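All values below come from the heavy atoms of this structure, side chains included, with hydrogens, waters and symmetry mates left out. Just follow the structure's listing: the first ligand is 1, and inside any ligand the first atom is 1. Fair warning: this is a prediction, and the values are worked out from it, not measured in the lab.
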Amino acid sequence: MISLTVEAAGSAATLPDMQVNILGSAAGGGFPQWNCACPNCRALRAGNFHGKARTQTQVAVSADSRAWFLLGASPDLRAQIEATPELHPRANESGQGARQSPIAGAVLANADIDHVLGLLLLRELQPLRVYATKSIRRILTKDNSMFAMLQRVPDQVAWIEFLPGAQFPLLDPAGEDSGLRCRALPLGTHFPAYVSPPRRSQLAPLEASLGLIIESPSGSRLAYMPAVPRLDASLLKQLDSCDAVLFDGTFWTAEELICIQGSGQTAYDMGHIPVSSPDGSLVRLAQLSRPRKIYLHINNTNPMLNEAGPEFRQVRDAGWEIAEDGWQFEL
Ligand SMILES: [Zn+2]
């Protein structure tokens with residue numbers, strides 16, 4: 001793939017771009033969520049909701065439409081792959097080896113269950129590269145013995161550690177360069193609640209929760225930021241260098257879950273800046289002029305899911321899109 005890039009350097013039209021598939025767009029639990037009877041989930045089940053059901057957030061990217069890289073691995077991955085023909089397995093040219101998935105690897109942004117559980121669904125001795133920080137790899141492979149299923153044979157899953165801030169190439173399982181580059185920005189310092197205190201003390205907080213910037217061979221950039229606890233000038237600058245931003249749309253207000261459940265944590269406590277409010281992402285990201293702005297990782301309680309409601313209109317009027325399962329676009 002590197003040689004292709006070099007040969008094509010003189011003619012931009014032949015450079016591969018980046019394909020982006022949004023397989024799932026909901027926050028953990030999906031929409032509707034199994035134990036939730038909030039107004040959104042109730043209306044959706046009753047068949048009178050003006051909006052769409054969503055599976056848990058999953059994005060896949062490719063530079064050549066042959067090798068695909070997953071950003072995270074959602075618990076809904078099996079159904080999401082079946083719903084996406086580009087990710088279906090293909091037999092090779094000799095008609096043999098009918099278990100050839102185009103999924104080349106996964107890049108992990110955190111160790112949350114709704115972001116990594118899908119890895120266990122990819123355990124069928126399929127060679128894969130999984131990119132993660134050292135801390136996230138340790139949580140999964142040292143403390144959670146089920147993940148040993150990914151390493152039953154030597155050439156199954158190869159774990160590749162990356163450092164926050166450093167750019168790294170996305171290679172397929174054979175080591176071939178996909179042409180895509182990734183850089184992870186440290187965004188949050190909280191590890192999942194299932195991580196034990198002794199283990200937590202051994203981990204690097206800056207490796208806990210990351211945003212990913214994926215760059216295509218021609219320099220197009222996609223930001224994948226499903227969990228953003230705060231926005232500063234440096235992050236705004238990074239986002240404004242991108243062509244498309246997939247941004248944390250988890251909660252509409254900081255107290256959203258407390259209002260629904262009667263108790264619990266604020267959006268900020270859970271590592272998510274809300275969409276609305278003077279400090280929310282709708283206001284704070286209004287200054288971004290360059291990227292296409294798309295909310296994803298939307299919690300089932302978020303009123304902007306209701307396409308007949310004022311919140312949906314407010315977001316659309318501000319120039320944002322609200323991701324839906326099955327969306328595809330190119331950069
Ligand atoms: Zn709900």
Side-chain angles (χ1 to χ4, degrees), residues 22-59 71-80 83 109-118 121 188 190 192-194 209 224-229 246-277 279-282 294-316 318 320-327:
I22 299 177
L23 281 59
S25 51
F31 178 46
Q33 177 174 313
W34 70 279
N35 66 340
C36 190
C38 74
N40 284 351
C41 289
R42 261 203 329 268
L44 188 70
R45 291 194 183 100
N48 53 24
F49 186 72
H50 296 279
K52 294 163 187 82
R54 285 166 167 84
T55 61
Q56 294 167 95
T57 289
Q58 180 65 58
V59 174
L71 307 184
S74 112
D76 295 321
L77 193 53
R78 195 200 74 85
Q80 290 167 336
N110 58 61
D112 289 348
I113 288 190
D114 61 2
H115 189 74
V116 301
L117 202 58
L121 310 177
H190 293 292
Y194 69 79
S209 181
Y224 171 80
M225 308 263 158
V228 181
L246 300 173
F247 196 83
D248 186 340
T250 313
F251 297 115
W252 182 254
T253 64
E255 286 79 30
E256 188 168 314
L257 272 194
I258 298 173
C259 292
I260 297 276
Q261 299 175 159
S263 64
Q265 295 182 305
T266 68
Y268 292 105
D269 292 337
M270 299 174 73
H272 300 285
I273 180 175
V275 173
S276 72
S277 86
D279 288 333
S281 55
L282 209 51
I294 303 171
Y295 280 121
L296 96 166
H297 198 268
I298 306 152
N299 201 55
N300 58 82
T301 51
N302 192 324
M304 73 181 183
L305 288 169
N306 179 0
E307 295 171 22
E311 294 88 357
F312 177 85
R313 184 44 47 203
Q314 186 183 343
V315 169
R316 299 290 288 121
W320 282 80
E321 295 165 88
I322 301 175
E324 298 176 10
D325 294 13
W327 275 16

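Here Glu307 pairs with Lys52 in a salt bridge; the nearest charged N to carboxylate O distance falls below 4.0 Å.
Distances from the Zn ion (ligand 1) under 2.8 Å pick out these protein N/O/S atoms: Cys36 SG, Cys38 SG, Cys41 SG, Asn300 OD1.
When the side chain to side chain donor-acceptor pair (under 3.5 Å) test is applied to Thr253, no partner is found at least two apart in sequence or on another chain. Every residue meeting the side chain to side chain donor-acceptor pair (under 3.5 Å) condition with Ser281, not counting sequence neighbours, appears here in chain and number order: Tyr295. Residues satisfying the salt bridge (Lys or Arg N to Asp or Glu O under 4.0 Å) criterion with Glu311, sequence neighbours excluded, are absent altogether.
In terms of heavy atoms, Ala109 sits closest to His115 at N-NE2, 2.8 Å. Of all non-hydrogen atoms in Ile260 and Pro39, the two that sit nearest each other are CD1-CD, 4.1 Å.
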